[in-house]
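For clarity, every value in this text was computed on a predicted model and none was experimentally measured.
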Amino acid sequence: MEFDTSTLMMIFFVIFLIISIWKIYAFLPNKQLVDDDTTKESQEELLKIILKVIKENEGNLTSTQLFEKVKNDENFDAKHFWRFNQNRLNQLLNYYHLENTKTKTIKDIYHDLKT
């Protein structure tokens, strides 16, 4: 049984392609990390904490004050939400405003929660 050069090249190409795909698959993360705060559940939990803080302070907060109060809340897990910063707070507030179109400010969110 004799192989010509192109057949041998094709066999080696397929073999090395399979090995390469396996190596890439082996290094991809297969399970969720313990401190991953980008999941939908984590974002919903963080949004609940934000809404609770807004409700407790009757909406009389600036964005910076809200950020500090959320970080100091007893339900806020600093190890789990290690990426939480002012920008993330603004993104979650924008998400809430998009879901509830009648709100535009923190005070509006408080009135929306009250009803």
Side-chain angles (χ1 to χ4, degrees):
M1 189 162 153
E2 192 174 310
F3 294 112
D4 60 340
T5 306
S6 63
T7 306
L8 285 175
M9 287 175 60
M10 183 57 81
I11 291 171
F12 282 114
F13 173 77
V14 170
I15 290 171
F16 287 120
L17 179 68
I18 292 170
I19 291 171
S20 299
I21 291 173
W22 175 79
K23 285 175 74 175
I24 291 172
Y25 174 77
F27 287 105
L28 289 176
N30 295 328
K31 60 182 179 178
Q32 184 177 343
L33 300 174
V34 177
D35 64 347
D36 186 13
D37 63 344
T38 59
T39 62
K40 184 171 178 64
E41 295 81 20
S42 293
Q43 291 200 13
E44 288 174 359
E45 181 183 345
L46 190 54
L47 189 59
K48 284 180 186 177
I49 294 170
I50 292 169
L51 296 177
K52 184 185 104 172
V53 169
I54 290 173
K55 196 169 189 178
E56 287 173 353
N57 292 284
E58 299 177 351
N60 297 322
L61 296 166
T62 63
S63 181
T64 308
Q65 291 170 334
L66 179 60
F67 173 68
E68 290 301 322
K69 291 197 184 258
V70 167
K71 281 184 18 181
N72 295 330
D73 190 69
E74 68 270 358
N75 295 331
F76 183 78
D77 183 11
K79 287 187 178 182
H80 181 68
F81 297 113
W82 61 278
R83 291 186 191 115
F84 184 67
N85 57 22
Q86 185 72 41
N87 187 39
R88 180 89 179 274
L89 173 69
N90 293 338
Q91 289 176 353
L92 287 169
L93 288 174
N94 286 336
Y95 171 76
Y96 187 85
H97 293 315
L98 288 173
E99 292 291 316
N100 303 294
T101 55
K102 59 188 173 215
T103 63
K104 295 196 183 310
T105 63
I106 294 173
K107 192 73 165 171
D108 292 341
I109 293 173
Y110 171 70
H111 290 301
D112 187 45
L113 292 173
K114 207 167 80 170
T115 58

Please report the closest heavy-atom contact between R88 and N85, naming both atoms and the distance. N-OD1, 2.9 Å

Hey, mind stepping through D108 and K102 against side-chain contact (heavy atoms from CB on, under 4.5 Å) and telling me if it holds? CA-CA 8 Å; D108 292 341; K102 59 188 173 215; over 6 Å; no

Could you state the interatomic distance from OG1 (T64) to CD (E68), rounded to the nearest 0.5 Å? 8.0 Å

Would you give the length of the straight line joining atom CD1 of I19 to atom CD1 of I24, rounded to the nearest 0.5 angstrom? 12.5 Å

CD-NZ distance between Q43 and K48, expressed to the nearest 0.5 angstrom: 13.5 Å

Kindly indicate whether the side chain of R83, heavy atoms from C-beta on, has any atom under 4.5 Å from the side chain of T38. yes

Nearest heavy-atom approach of H80 to S42 is NE2-OG, 2.9 Å

Nearest atoms (heavy-atom pairs only) where K55 meets L113: NZ-O, 4.1 Å

Residues F67 and Q86: closest non-hydrogen pair is CB-OE1, 3.3 Å

Hey, are E44 and K40 close enough for a salt bridge, meaning a charged N less than 4.0 Å from a carboxylate O? yes

Any side-chain heavy-atom pair from F76 and L46 closer than 4.5 angstrom? yes

Is it true that L98 and L51 fall in one hydrophobic cluster, defined by side-chain heavy atoms closer than 4.5 Å? no

Would a hydrophobic clustering, with Ile, Leu, Val, Met, Phe, Trp and Tyr connected at side-chain separations under 4.5 Å, put F16 with F27? no

Quick check on side chain to side chain contact (heavy atoms under 4.5 Å, CB included): which of I54, D112, I50, I106 does Y96 satisfy it with? D112

Roughly how far, to the nearest 0.5 Å, is the CZ atom of F12 from the CG atom of L17? 14.5 Å

For Q65 and N60, which heavy atoms make the closest approach, and how far apart are they? OE1-O, 4.0 Å

Please assess N72 against V53 for the test side-chain contact (heavy atoms from CB on, under 4.5 Å), listing each intermediate value before the final yes or no. CA-CA 10 Å; N72 295 330; V53 169; over 6 Å; no

Atom CZ in F81, atom CG in N75: separation rounded to 0.5 Å? 10.0 Å

Answer yes or no: is there a side-chain heavy-atom contact under 4.5 Å between Y95 and E99? yes

Can you check whether K69 reaches D73 side chain to side chain, under 4.5 Å on heavy atoms? no

Is there a path of hydrophobic side-chain contacts, each under 4.5 Å between heavy atoms, that joins I18 and I15? no

